[in-house]
Visitor: 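Sharing a structure with you now.
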Amino acid sequence: MAIQPTRAPLLSIVVPVYGVEAYLRECLDSIHDGVPAHETAAVELIAVNDASPDGCGQLLREYAADHPNVRVLHLATNVGLGPARNAGLDVATGEYVWFVDSDDWLPAGTIAAVLDRLRADRPDVMMIDHLRVYECGRRDVDVSSRLLRATPGVVRLADRPQLLRVQHTAWNKVVRREFMAELGLRFHPGWYEDIPFSHPLLIGASRISVLDRVCYLYRLGRQGAITSTRSGRHFDAFEQYDRLFAWLGQRHPDGRWHAELFDLMVSHFLVVVGNDDRLHPHLRRRFFRRVAEHYRRYLPGDGYPRPGGVAGLKHRLVGRNSYLAYAALRRVHRLAGRVRTPPTTTSTGTGAAPDPTEARPLVRTNGNGTR
């Protein structure tokens, strides 16, 4: 009797797990229970226990015993978020891969909507919308979400360049697995591992689809999350941007996308250096100096469209390596902010997304990188 080959799933969902015992079951249930009964063969769930020091390993063993279609990898040593994602990717068999963080979860109806759009569009990358969820229960729309609106059908980045300014995370993108391999993309060790992964996906894609629907609930304020942890490991961002520009130089030696990524890099660094939850005050000056070094190293020879207002002033101060002036501006801006009403939305991890139609002055340089 001939044995028919098992059909590969359409979607592999990879969940790296570390130190999230309080949130893990909610994440796994939102994925497992969200798969429609007639779509069970179309989705595989791969959880990667990154040598978690809490009860996550046991929880995963019990979960896999009760849910035979859930695969669990147990790593012998802790490797970090990026390499843990790679470990899940290495055993994934789906045509598409979605990296979901284990302290976040998916709203009802998400899996069905994602599968339907993947089948309809067959994209290289599909972008999804999300909400930011705080420990108090408040939910906010991300400021960059508006850049996803009204994207017609399947596009290239050149058609919708504002998509490059959507929050640069792995979890808001569902990626064709072979396309990822064609680009030679893997996650690197260290914090901010999404930087040299997320942007190249959009730059290299021939087919980008947008599912304008909230498909992801992103938890903020959790103890242990890097966006709320003071650490010198935030300096990892510099090496991650080095990797990004090295990839760009190899793939686009003509300089395409360099100015856009440079602007995003500087804006991202300014978010980190100005955030008390990420940098201890005694590290701020040293971080700023490193930002100024990267500014000089990667400043496009033809300039770049610098933002206006206070953001543009901060860019200028970075270009001049004027930390004292930056620190004074930061103090004034924070004092003024205390008397303003807090906005209903908050900035992304990369900084507030500028209006893509906003006119910006072109910053030009002379031969030595100064202005």
Side-chain angles (χ1 to χ4, degrees), residues 96-101 104 106-107 110 113-114 117-118 121 123-133 139-176 179-180 183 185 187 192-220 227 237 240-241 244 247-248 256-257 259-272 305 307 311 343 345-358 360:
Y96 289 87
V97 180
W98 189 6
F99 299 98
V100 172
D101 288 350
D104 302 328
L106 311 182
T110 290
V114 166
R117 182 57 65 87
L118 290 177
D121 291 347
D124 295 322
V125 181
M126 185 175 75
M127 305 181 71
I128 54 103
D129 199 2
H130 71 283
L131 291 178
R132 300 161 62 87
V133 184
R139 299 186 177 192
D140 285 346
V141 176
D142 191 271
V143 293
S144 71
S145 292
R146 61 189 173 84
L147 302 176
L148 296 170
R149 306 290 179 258
T151 300
V154 177
V155 299
R156 297 176 66 103
L157 187 60
D159 304 321
R160 304 286 290 184
Q162 61 267 40
L163 294 178
L164 201 61
R165 295 183 174 272
V166 176
Q167 186 163 345
H168 63 216
T169 61
W171 47 255
N172 65 358
K173 299 171 185 70
V174 182
V175 189
R176 186 166 63 83
F179 165 67
M180 200 185 316
L183 290 183
L185 292 180
F187 290 98
Y192 298 100
E193 74 293 327
D194 289 341
I195 290 169
F197 177 83
S198 183
H199 293 312
L201 286 177
L202 298 180
I203 292 171
S206 297
R207 297 177 61 83
I208 301 173
S209 177
V210 173
L211 180 54
D212 188 6
R213 170 195 173 110
V214 173
C215 294
Y216 197 92
L217 299 172
Y218 170 49
R219 191 186 306 273
L220 283 93
T227 53
Q240 302 289 15
Y241 274 107
L244 172 61
W247 180 90
L248 187 68
R256 185 72 175 103
W257 302 111
E260 291 86 347
L261 290 177
F262 176 84
D263 176 30
L264 288 171
M265 177 189 73
V266 177
S267 297
H268 185 193
F269 283 151
L270 285 168
V271 169
V272 178
T345 59
T346 58
S347 65
T348 70
T350 59
D355 187 336
T357 64
E358 175 188 10
R360 295 188 181 186

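Since this is a predicted model, take the numbers as computed values, not measurements.
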Visitor: Go through it in stages, so that I can follow the logic: the residues are M127 and L202, the test is side-chain contact (heavy atoms from CB on, under 4.5 Å), and I'd like the CA-CA distance, side-chain angles, deciding distance and then a yes or no.
Guide: CA-CA 10 Å; M127 305 181 71; L202 298 180; 3.8 Å; yes
Visitor: Side-chain contact, heavy-atom cut-off 4.5 Å: V125 with V174?
Guide: no
Visitor: Can you list every salt bridge (charged side-chain N to carboxylate O under 4.0 Å, His left out) pair that touches residues 153-164, not counting sequence neighbours?
Guide: none
Visitor: Kindly write out the residues that satisfy ring pair (Phe, Tyr, Trp, His ring centres under 6.0 Å) with F197, not counting sequence neighbours, or none if the list is empty.
Guide: F187
Visitor: Output all residues satisfying side chain to side chain donor-acceptor pair (under 3.5 Å) with R117, sequence neighbours left out; order by chain, then residue number.
Guide: none
Visitor: To the nearest 0.5 Å, what is the distance between OH on Y241 and CG on L248?
Guide: 12.5 Å
Visitor: Below 4.5 Å, heavy atoms only, C-beta onward: do L217 and R139 meet side chain to side chain?
Guide: yes
Visitor: So, N172 versus T169: side-chain donor-acceptor pair below 3.5 Å or not?
Guide: yes
Visitor: Can you name the residues that form a side chain to side chain donor-acceptor pair (under 3.5 Å) with Q240, not counting sequence neighbours?
Guide: R243
Visitor: Looking at W171 versus H130, is the centre-to-centre ring distance below 6.0 Å?
Guide: yes
Visitor: Distance from R256 atom CZ to I203 atom CD1, nearest 0.5 Å?
Guide: 9.0 Å
Visitor: Is the shortest side-chain N to carboxylate O distance from D140 to R132 below 4.0 Å?
Guide: no
Visitor: Yes or no on side-chain contact (heavy atoms from CB on, under 4.5 Å) for V100 and Y216, after CA distance, side-chain angles and deciding distance?
Guide: CA-CA 9 Å; V100 172; Y216 197 92; 3.9 Å; yes
Visitor: Roughly how far apart are D104 CG and L131 CG, rounded to 0.5 Å?
Guide: 11.5 Å
Visitor: Evaluate the side-chain proximity of D142 to Y218: yes if any heavy-atom separation is below 4.5 Å, no if none is.
Guide: no
Visitor: Hey, does T151 have a side-chain heavy atom less than 4.5 Å from the side chain of D212?
Guide: no
Visitor: So, taking the atom named CG in L201 and the one named CD1 in I208, what distance separates them when rounded to the nearest 0.5 Å?
Guide: 9.0 Å
Visitor: Are any side-chain N or O atoms of W98 and backbone N or O atoms of V175, one a donor and one an acceptor, separated by less than 3.5 Å?
Guide: no
Visitor: Is the shortest side-chain heavy-atom distance between L106 and C215 below 4.5 Å?
Guide: no
Visitor: Considering residues at least two apart in sequence or located in another chain, which fulfil the ring pair (Phe, Tyr, Trp, His ring centres under 6.0 Å) criterion with W247?
Guide: none
Visitor: For T110, which residues count as a side chain to side chain donor-acceptor pair (under 3.5 Å) partner, sequence neighbours excluded?
Guide: none
Visitor: Hey, what do you get for OG (S144) to CG (L163), rounding to the nearest 0.5 Å?
Guide: 10.0 Å
Visitor: I need the single residue from R207, R176, K173 that forms a side-chain hydrogen bond (donor to acceptor under 3.5 Å, both in side chains) with D124. Which is it?
Guide: R176
Visitor: Mind running side-chain contact (heavy atoms from CB on, under 4.5 Å) on H199 and L264 for me, showing each step along the way?
Guide: CA-CA 10 Å; H199 293 312; L264 288 171; 4.0 Å; yes
Visitor: About how many Å separate CH2 of W257 and CD of E260, when rounded to the nearest 0.5 Å?
Guide: 5.5 Å
Visitor: Are M126 and D121 close enough that some pair of their side-chain heavy atoms sits under 4.5 Å apart?
Guide: no
Visitor: Where the side chain of Y96 meets the backbone of P123, is there a donor-acceptor pair that is under 3.5 Å apart?
Guide: yes
Visitor: Hydrogens and angles aside, do H268 and Y192 bring a side-chain donor and acceptor to less than 3.5 Å of each other?
Guide: no
